[in-house]
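All remarks here apply to the structure that follows.
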Amino acid sequence: MKKLFGWLKNEESGQGMVEYGLIIALVAIVVIAVLIALGGNLNTIFGKANTALGSAAAAP
């Protein structure tokens, strides 16, 4: 049993993958927070661009 606990304590093979997973999760949380904060403004900007493109396409 002591040998097993010693091996688990010194095992580091999965450490890098866990760190990458935590970084990806942090980036995802930041992206979601930014999209929520700017969501209304982005909708307005894309709506104006859509209207302008529609007007330009309809002009002879």
Side-chain angles (χ1 to χ4, degrees):
M1 188 61 99
K2 286 183 182 182
K3 191 174 183 180
L4 174 65
F5 284 133
W7 179 79
L8 287 174
K9 184 177 118 182
N10 295 326
E11 180 63 27
E12 296 179 2
S13 63
Q15 181 179 356
M17 295 302 285
V18 171
E19 290 173 354
Y20 284 126
L22 290 173
I23 290 170
I24 290 171
L26 178 63
V27 169
I29 290 170
V30 169
V31 168
I32 290 170
V34 168
L35 288 176
I36 289 172
L38 299 177
N41 293 338
L42 288 175
N43 193 17
T44 303
I45 291 169
F46 282 117
K48 287 180 182 178
N50 187 25
T51 302
L53 289 173
S55 298

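Note: hydrogens, waters and symmetry copies are ignored here, and every other heavy atom, side chains too, is used.
Linking Ile, Leu, Val, Met, Phe, Trp and Tyr residues whenever their side-chain heavy atoms come within less than 4.5 Å leaves L22 and L26 in two separate clusters. V27 and Y20 fall into different hydrophobic clusters, where Ile, Leu, Val, Met, Phe, Trp and Tyr residues are linked whenever their side-chain heavy atoms come under 4.5 Å apart, directly or through other members.
From N50, atom CG reaches atom CG of N43 across 10.5 Å, with rounding to the nearest 0.5 Å.
With sequence neighbours excluded, the residues forming a side-chain contact (heavy atoms from CB on, under 4.5 Å) with I36 are I32, listed by chain and number. For I45, there are no side-chain contact (heavy atoms from CB on, under 4.5 Å) partners, not counting sequence neighbours.
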